[in-house]
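For reference, the structure discussed in these notes is given below.
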2 protein chains.
Amino acid sequence: MSELVLYDIPGKSPESKAWSPNTWRTRYALNYKGLRYRTEWIEYPDIADLCKKIGARPTDVRADGSNHYTLPVLYDPLTETVISESTDIADYLDKTYPDTPPLFPAGTRGFHASFQAAYGAVHARTNALLKLVVLSVCLNLNERSSEYFRRTREKSLASRLEDVAPEGEVRDKWFEGLQDDMAKMAGWYRVGGGPFIMGETLCYADMMIAGRLVWAKVLLWKDSKDWKRICAFDDGFWGKFMERFERYEQVVQGST
Amino acid sequence: MSELVLYDIPGKSPESKAWSPNTWRTRYALNYKGLRYRTEWIEYPDIADLCKKIGARPTDVRADGSNHYTLPVLYDPLTETVISESTDIADYLDKTYPDTPPLFPAGTRGFHASFQAAYGAVHARTNALLKLVVLSVCLNLNERSSEYFRRTREKSLASRLEDVAPEGEVRDKWFEGLQDDMAKMAGWYRVGGGPFIMGETLCYADMMIAGRLVWAKVLLWKDSKDWKRICAFDDGFWGKFMERFERYEQVVQGST
């Protein structure tokens with residue numbers, strides 16, 4: 001089997017080189033399926049040029065009408081296909097490699113779409129995790145990406161990044177918001193009998209949540225009190241949940 | 001097998017005697033499973049006394065701290081069990097009658113919980129269908145229920161029922177809101193390959209949506225231009241969807 005290529009945005013410290021939540025979904029998917037791949041690291045200001053060059057479709061349109069390009073993007077030399085957007089990549093992988101463990105077990109594709117809507121509605125309420133990590137993301141990026149990230153995020157959040165979730169009362173408030181959000185999702189898992197949304201079988205819905213939590217774990221807080229605080233939510237449910245993903249967290253390096 | 005009892009709120013015209021969306025979920029479930037049951041009709045002001053008498057738990061607490069009792073309630077003489085709330089009833093039926101078709105196919109219970117959250121978030125946005133039907137519900141109730149319904153709904157909607165969705169621009173606006181809401185859900189079905197959320201297999205998630213649409217169909221609009229307008233949403237998807245439920249729409253009468 002030829003080697004797939006996952007395009008990702010590099011962090012500057014070795015232990016948090018892979019940090020982006022959306023590309024983590026794809027990394028979990030590739031590792032879970034046991035597919036051979038390598039990572040190509042792309043700085044933020046270079047994403048659009050790369051996508052145009054290899055023929056990756058834009059995933060959104062900006063307010064000014066121009067195309068917006070994002071990672072993850074996957075290139076498959078076997079079929080000479082380029083795919084943008086993590087859910088489309090997951091669909092592609094299930095379809096193209098049907099002998100690997102399914103990301104969408106039979107009969108669950110529609111449920112996954114509604115799960116994504118439910119998950120999106122929960123996070124949209126406070127966007128607490130983004131607020132808790134955004135400054136650390138910026139500080140962990142290489143210079144060109146860091147400048148780009150700060151400029152675009154300070155605009156969308158209408159705040160200096162240093163003022164979004166400073167230590168103390170404000171940060172505690174966002175932790176409480178995150179706890180409320182996670183409690184809603186823990187409720188779905190409790191009803192389903194856990195540890196995964198389908199019970200014992202891992203699926204892409206679980207990777208959506210893990211891809212977001214690993215943001216906090218890898219980038220910022222591993223072994224810190226902040227990460228332990230999240231792990232302790234819902235009587236420790238999320239800490240145990242993330243332990244089950246450790247076997248799918250290898251970062252397969254490629255060119256730098 | 002002994003006969004289950006479904007408690008429901010009667011409408012006054014014969015063709016819309018069963019009209020309540022939450023009890024319709026349970027009726028679809030009972031008919032789909034092929035279980036023997038009869039319907040007992042209870043007027044709104046009598047629901048609390050009935051529930052206290054037979055030991056049905058309240059489903060909510062009112063603003064003043066008092067218990068709030070709702071239908072559906074199911075009584076099963078086989079196990080001498082009384083169950084409140086349509087989702088709890090569905091869980092009970094799957095557990096107690098495992099040889100009947102499952103409402104929650106294996107591995108989907110957690111997905112059903114997230115589906116309910118996604119579905120709730122969609123409807124909470126406009127609550128358009130409620131607004132379109134609320135006056136007709138009131139006019140279709142017997143006198144004691146009608147008085148109770150008008151008083152409580154005019155309070156919660158902060159409007160005379162006649163002013164919620166009058167013919168013309170206002171009503172058209174709610175139809176557009178409903179169309180937007182249904183389009184979001186049609187998107188989930190499209191991704192899943194339809195006609196049901198799991199594909200070819202009917203499950204309780206589908207009954208949640210059908211139980212809400214049948215509200216419009218049975219009570220108000222069957223063969224009317226309004227019902228046809230809803231059926232035509234999403235290139236006719238919902239009309240075809242509801243046709244598949246016709247075989248589960250028998251209303252098994254009981255005492256009046």
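Lettering follows sequence order; numbering is per chain, from 1.
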Original post:
Relative to each other, are the rings of A:F111 and B:F111 parallel, tilted or perpendicular (30° and 60° limits)?
Top reply: parallel
Original post:
Can you pull out the residues in residues 54-74 of chain B with any heavy atom less than 4.5 Å from chain A?
Top reply: none
Original post:
What option among A:G192, A:G193, A:A205 has the most heavy-atom pairs under 4.5 Å with chain B?
Top reply: A:G192
Original post:
Relative to chain A, which segment of B:F115 carries a heavy atom at a distance below 4.5 Å: side chain, backbone, both, or neither?
Top reply: both
Original post:
Side-chain contact, heavy-atom cut-off 4.5 Å: B:W188 with A:H112?
Top reply: no
Subject >> Contact winner vs chain A - B:A113, B:G199, B:C203, heavy-atom pairs under 4.5 Å >> reply: B:A113
Subject >> Shortest non-hydrogen separation from B:A117 to A:A118 and the atoms involved >> reply: CB-CB, 4.2 Å
